[in-house]
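Below you'll find the structure, written out as structure tokens, and then a few comments.
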Amino acid sequence: MTARDTVAEAVVTGVGTVAAPAGTALDEPWFDYRARLGPRGYKYLPDACQYLLAAAKDALTRSGAESAGPAGSGGTSGPAGSAGSAGSAGSVGSAGAAGDGPAALAGVAEERRAAVVGTNSAVAALHADITEVVRAGGINRLSPMLTPFFSVNLVASRLSTEHRLKGFNTTVTSPRVAGLEALHVAARELGAGRGDLVLAGVTEAYDPGHGTAAAEAGSVVLVLRPPADAVRPGGALLRTTLRFVPPAALAHESGRRRAGREVREALEALAAPGRAPELIRVVTDGSAVASAVEAAVRDWSARRVPLSVEAVGARAGALAPMERVAHDLRDGAAGPRTVVAVAGEGNVAFASVDPYGTA
């Protein structure tokens, strides 16, 4: 029924986002890498790579601004902060003056910095272009600048090169939940002592083969520190866990009961003692698995936790759940909020952010 996984924890010190303005056609140019990254060195990178670098830059800038002050200063006493405009940087707490992004890396050895990136469609357009070029003119017509990115792992590798992240570098591609899964993998590795700072998040680019699924484009990156670190004002405690519900198991009553039990146990484990979530958001795709998970969440949350179900439908990416997490980090919430992402293939991911934390 499920590959059971423990709850992982990390401290969030910064968040950066790249999002297309509302109403933008994602298959048309909308992102200015020169304004967000600089005029040189980024022109020939795939779109998803540009989005990722810009979101990471913003997250590090905000994290550096927060960590520049002493504990108890550098932000408001709670999780206040604005969501900002589409495509803009965000901070976990009060942004204050934008510090130098790399300041967040000061004192962190290069070998103790790492990256975990989730994606479903980061290089889908590039794959389509490569296929078209080879069919039309042969392999010699391929661009030597872009072609190496046929391997999706190179998107995260470029992030590591940018910030000298010489620890682990991991890419995860689970359908619809890859972003939340990246947070979980990063938090688990930090908890195991395998790093001191991880840039973790998601990046997606327009997929020309998205069919009836909604295309996604943009990026969300969080700066994560070990769970033993104190949660500074404006910071947050992240708690994550994963489950897997085989779609075929739902054909039987026993399978449906077990799926419900697994979801309820995951929510119970995720809730820190005395810190029940003030809101749970379920991001579903309308599948049978999503319906089963939604029913289990409703059962667990009945009479104690407000529930919001967002049936976003099939999507060609894993961006939507991470956008909800970023929103919760910047929304001025008084307590923990939980996002549950579900994929019809059976993947289920849970992420809770607590602006005040319990560390």
Could you pull out every donor-acceptor pair under 3.5 Å between side chains of residues 165-172 and any protein atom, sequence neighbours left out?
from	atom 1	to	atom 2	distance (Å)
Lys166	NZ	Glu110	OE1	2.7
Asn169	ND2	Ala156	O	3.1
Asn169	ND2	Ser160	OG	2.4

Report task. Determine which pairs satisfy ring-ring contact (aromatic ring centres under 6.0 Å, His included) with at least one residue from residues 274-293, sequence neighbours left out, and list them in order. Result -> none
**Report entry** Same apolar cluster: Leu199 and Val152, side chain cutoff 4.5 Å
**Finding:** yes
Report task. Side-chain contact test, heavy atoms from C-beta onward, threshold under 4.5 Å: evaluate it for Leu237 versus Val12 and give yes or no. Result -> no
Query raised in the report: Between Val116 and Val198, is any pair of side-chain heavy atoms under 4.5 Å apart?
Result: yes
Report task. Please name the pair of heavy atoms, one in Leu224 and one in Ala10, separated by the smallest distance, quoted to 0.1 Å. Result -> CB-CB, 4.2 Å
Query - Closest non-hydrogen atom pair between Gly201 and Ala182, with its separation - result: O-CB, 3.5 Å
Query - Salt-bridge present (Arg257, Glu253; N to O < 4.0 Å) - result: yes
Query raised in the report: Val177 and Val325: same hydrophobic cluster, using ILVMFWY side-chain contacts below 4.5 Å?
Result: no
Query raised in the report: How many angstroms lie between atom CG of Leu154 and atom CG of Leu126, to the nearest 0.5 angstrom?
Result: 10.0 Å
Query raised in the report: Do the non-hydrogen side-chain atoms of Arg36 and Asp58 ever get within less than 4.5 Å of each other?
Result: yes
Query raised in the report: Under 3.5 Å, is there a donor-acceptor pair between the side chain of Arg324 and the main chain of Thr338?
Result: no
Report summary line: One should read off an interatomic distance between Arg112 CZ and Leu197 CG, to the nearest 0.5 angstrom, of 11.0 Å
Requested in this report: Identify, with sequence neighbours excluded, every residue that meets side chain to side chain donor-acceptor pair (under 3.5 Å) alongside Glu181.
Outcome: Ser174
Report summary line: The single option from Leu319, Leu329, Val18 that satisfies side-chain contact (heavy atoms from CB on, under 4.5 Å) with Val220 is Leu319
Query raised in the report: Tell me, do Arg188 and Arg194 make a side-chain contact under 4.5 Å, heavy atoms counted?
Result: no
**Report entry** Parallel, tilted or perpendicular: ring planes of Tyr51 versus Phe31, cut at 30 and 60 degrees
**Finding:** perpendicular
**Report entry** Point-to-point distance, once rounded to the nearest 0.5 Å, from CZ of Arg176 to OG of Ser287
**Finding:** 8.5 Å
Requested in this report: Taking only Lys NZ, Arg NE, NH1 and NH2, and the carboxylate oxygens of Asp or Glu, determine whether Glu162 and Lys57 approach each other closer than 4.0 Å.
Outcome: no
Query - Euclidean distance, Leu52 CG relative to Asp47 CG, rounded to 0.5 Å - result: 12.5 Å
Query raised in the report: Ignoring hydrogens and geometry, is there a side-chain-to-backbone donor-acceptor pair from Asp196 to Ala109 under 3.5 Å?
Result: no
Query raised in the report: Which pairs pass ring-ring contact (aromatic ring centres under 6.0 Å, His included) with one or both residues in residues 191-242, sequence neighbours excluded?
Result: Tyr206-His210
Report summary line: What one should report as the nearest heavy-atom pair of Ala326 and Thr17 is CB-CG2, 4.0 Å
Query raised in the report: Do side-chain atoms of Thr119 reach the backbone of Val202 as a donor and acceptor pair under 3.5 angstrom?
Result: no
Report task. Using modelled atom types only, decide if a donor and an acceptor are shared between the side chain of Ser121 and the backbone of Ala205 within a distance under 3.5 Å. Result -> yes
Requested in this report: Provide the closest heavy-atom pair for Gly195 versus Pro226 in the form atom of the first, atom of the second, distance.
Outcome: O-CG, 4.0 Å
Query raised in the report: Checking Thr24 side chain against Ala20 main chain: does a donor-acceptor pair fall under 3.5 Å?
Result: no
Requested in this report: Answer yes or no: is there a side-chain heavy-atom contact under 4.5 Å between Arg113 and Leu105?
Outcome: yes
Query raised in the report: Does the side chain of Val11 come within less than 4.5 Å of Leu238's, by heavy atoms?
Result: no
Query raised in the report: Under 3.5 Å, side chain of Thr13 to main-chain N/O of Ser63, donor-acceptor pair present?
Result: no
Report summary line: Test salt bridge (charged side-chain N to carboxylate O under 4.0 Å, His left out), reference Arg315, set Glu310, Glu204, Glu216, output is Glu216
**Report entry** Which atom of Gly209 lies closest to which atom of Asp207, heavy atoms considered
**Finding:** N-OD1, 2.8 Å
Query raised in the report: Transitively linked via ILVMFWY side-chain contacts under 4.5 Å: Val340 with Leu279?
Result: no
Query raised in the report: So do Val223 and Val15 actually touch side chain to side chain, heavy atoms under 4.5 Å?
Result: no
Report task. Decide, yes or no, whether a salt bridge links Arg337 with Asp354 under the criterion of side-chain N to carboxylate O below 4.0 Å. Result -> no
Query raised in the report: Should Leu267 and Phe350 count as side-chain neighbours, where that means a heavy-atom distance under 4.5 Å?
Result: yes
Query raised in the report: Can you list every pair that meets ring-ring contact (aromatic ring centres under 6.0 Å, His included) and has a residue in residues 289-326, with sequence neighbours left out?
Result: none
Query raised in the report: What distance separates His252 NE2 from Leu250 CG, expressed to the nearest 0.5 Å?
Result: 9.5 Å
Requested in this report: Check side chain to side chain contact (heavy atoms under 4.5 Å, CB included) between Ala25 and all other residues, then give those that pass, not counting sequence neighbours.
Outcome: Asp27, Glu28
Query raised in the report: Does a donor on one side chain and an acceptor on the other come within less than 3.5 Å for Gln50 and Tyr44?
Result: no
